[in-house]
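In what follows, a single structure is set out as structure tokens and then discussed.
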Amino acid sequence: MAAPRPQQLHAVKGMNDILPGEVERWHALEAVVRDVVRTHGYREIRTPLIEPTPLFVRSIGEGTDVVDKEMYSFVFHDEPLTVRPEGTASVVRAYIEHALHTKEPVSRLFYEGPMFRGERPARGRTRQFHQAGCEVLGDPGPGIDAEMIDMIVGLYRRLGVKDVEVLVNSLGGKGTKARYRDVLVAHLEPLRSTLSDDSQRRIGMNPLRVLDSKHPKDQEAIASAPSILDVLDDEDKKHFDGLRALLDQLGTPYKVEPRLVRGLDYYARTLFEVRGHGGELGAQNALCGGGRYDGLPEELGGPPVPAIGFAMGLERALLAMPDTRTNADAPVLIAPLGDRAIARALVVARTLRDAGLTTICESRGGTMKAMLRRANAFGSRVAVVLGDSEIDRGVVQVKDLASHAQQELPESELVSAVRGVLASPVAAPKTGEGP
RNA sequence: GUGGCCGUAGAUCAGUUGGUAGAUCACCUGAUUGUGGUUCAGGUUGUCGCGGGUUCGAGUCCCGUCGGUCACCCCA
């Protein structure tokens, strides 16, 4: 009778492991992002993954898909809580809670980390996904708006992402948004029967979102819809024209897209999105999205400061980035021969590590052949061979795996010898071996 | 969330009209008493995603389910 097989456990749907070999690309991406935002004066803020549910309901808005059907919400000891679906709400909450506006006139904040939305997973869309984002509170723009868009364009360029498209739009302030909503509903209502089911439903709920539809049935109504840019008030128009003039002067490429809208309620005035076109991205081609949310701090009980921000999807950036796989830190490999050598090998390994060298000691033993094979698998340049005869004489063998050359030297010279091999150029491959 | 397609060794895949599982790579061993990347010889590896059903018999057919993927949806 075979023992019953234990039930195998799996990662939760839409939540992925990031394994060694892949995680190096994440590090590379995060390093570039951090460097770019650092040079623009942003400072990192870390907020909790779990927030009170009303924070997101009030900021993102009821009637949005994120709030209505995608949040991981639960009640813990009678308190409604939600695992954050995005970063802006938490940053604004923390900004208000710690009264940052009293400490500095403008706050430039950067965050990075996992977000959670219960969507159906697909390529470039997971339920636990990762975003990096920036928020600027206290600057009304449009100078900061232009700087932010320019920073993002430069960021993707540094990441090696080709063919990014920057779309900008203005939703206007609160009055404009409401006015446009009425105009749009008046346009869509007579066409209701020609629209997709989703769009028919959205006319009442969130008509701006109809403009975002990719459904073929909706395209005609979208194309003939009035432009929001035609209903901007004077202040909105001045702001948007200012932004465009600055982007023109910076030489930052962009395209005005009057049908660009977002799924989150808090946006007002400047709105932008960066799209990629790599085949790896598929339909999930929105790399980065953001905009101005001037009214939000006040709505959450804070000071009436203007604000703008963006978030970029890290999974999607990774898909859009060229697959330049940098070799992981190839270790120096210590090959001990025989039980007596293991204790010595551990000491030798410690010496190399103290000198800052990544070192793996094959302390489980095995044949010389097996250990050197593993050195190849690691991509090691150097192997240190240590057996009874070396121990008796107080020496080590330092082998250059690229040139096959091997030198015997006293342990005291080990570190400098290893460094020497690592620093030496890899000779052109030789044909044939010695006698 | 809706619909389509897919799910066989660690990886990529083959598997005929249902008859009881294969290739390549990888891995391990050997050709050398303590010297690797090539070569040669040999070897290991499977809950055929999972659960039911039809059948004498299911990797092959049916249903369900889970996972992935594409479009919609959503959005970063």
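Labels below follow one simple rule: chain letters A, B, ... track the order of the sequence lines, proteins then strands, and each chain is numbered from 1.
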Over how many whole Å does the gap from [X] atom [atom1] to [N] atom [atom2] extend?
X: A/Arg123; N: B/G4; atom1: CZ; atom2: P; value: 22 Å
X: A/Phe272; N: B/A76; atom1: CZ; atom2: P; value: 11 Å
X: A/Arg125; N: B/C72; atom1: CZ; atom2: P; value: 10 Å
X: A/Arg374; N: B/G34; atom1: CZ; atom2: C1'; value: 19 Å
X: A/Glu408; N: B/G34; atom1: CD; atom2: P; value: 17 Å
X: A/Tyr267; N: B/C75; atom1: OH; atom2: C1'; value: 10 Å
X: A/Leu333; N: B/G36; atom1: CG; atom2: P; value: 14 Å
X: A/Glu362; N: B/G36; atom1: CD; atom2: C1'; value: 12 Å

[atom1]-based separation of [M] from [N] [nearest Å]:
N: B/U60; M: B/A21; atom1: C1'; value: 12 Å
N: B/C62; M: B/C6; atom1: P; value: 11 Å
N: B/U8; M: B/C50; atom1: P; value: 10 Å
N: B/C27; M: B/G36; atom1: C1'; value: 16 Å

For this session: Would you sort out whether A/Glu299 and A/Lys174 count as a salt bridge (charged side-chain N to carboxylate O under 4.0 Å, His left out), showing the intermediate values?
Result: CA-CA 12 Å; A/Glu299 274 176 49; A/Lys174 224 179 186 132; 3.4 Å; yes
For this session: Give, ordered by number, those residues of residues 208-219 of chain A having at least one heavy-atom distance below 4.0 Å to an atom of RNA chain B; if nothing qualifies, reply none.
Result: A/Arg209, A/Ser213, A/Lys214, A/His215
For this session: Verify the distance criterion only: is there a donor paired with an acceptor across the side chains of A/Ser389 and A/Asp392 at less than 3.5 Å?
Result: no
Problem set entry | Side chains of A/Glu86 and A/Gln131, donor plus acceptor under 3.5 Å | no
Polar side-chain contact [X]-[N] base: donor and acceptor under 3.5 Å:
X: A/Gln397; N: B/U35; answer: no
X: A/Ser389; N: B/G34; answer: yes
X: A/Lys369; N: B/U35; answer: no

So what does [X] touch, heavy atoms closer than 4.0 Å: a base, only the sugar-phosphate, or nothing?
X: A/Val385; answer: base
X: A/Asp198; answer: sugar-phosphate
X: A/Leu337; answer: base
X: A/Glu273; answer: nothing

Problem set entry | Nucleotide of B/G36, B/U69, B/A76 approaching A/Arg120 most closely (side-chain heavy atoms) | B/U69
For this session: Measure from the side chain of A/Lys13, starting at C-beta and using heavy atoms only, and say which of B/C70, B/C75, B/G67 lies closest.
Result: B/G67
Exercise. With sequence neighbours left out, what residues match A/Lys13 under salt bridge (Lys or Arg N to Asp or Glu O under 4.0 Å)?
Worked result: none
Exercise. Closer to the 5' end of RNA chain B via nearest nucleotide, is it A/Ala311 or A/Glu390?
Worked result: A/Glu390
Exercise. Given that A/Arg127 and A/Ala370 both sit by RNA chain B, which one's nearest nucleotide is further toward the 5' end?
Worked result: A/Arg127
Check: [X] side chain, [Y] main-chain N or O, donor-acceptor pair, under 3.5 Å:
X: A/Arg419; Y: A/Ala355; result: yes
X: A/Asp400; Y: A/Ala402; result: yes
X: A/Tyr266; Y: A/Thr88; result: no
X: A/Asp218; Y: A/Ser196; result: yes

Exercise. So does A/Arg275 get a side-chain nitrogen or oxygen closer than 4.0 Å to the phosphate oxygens (OP1/OP2) of B/A76?
Worked result: no
For this session: Count the heavy atoms of every other residue, nucleotide or ligand shown that sit under 6.0 Å from CG of A/Asp339, and state whether that count exceeds 12.
Result: no
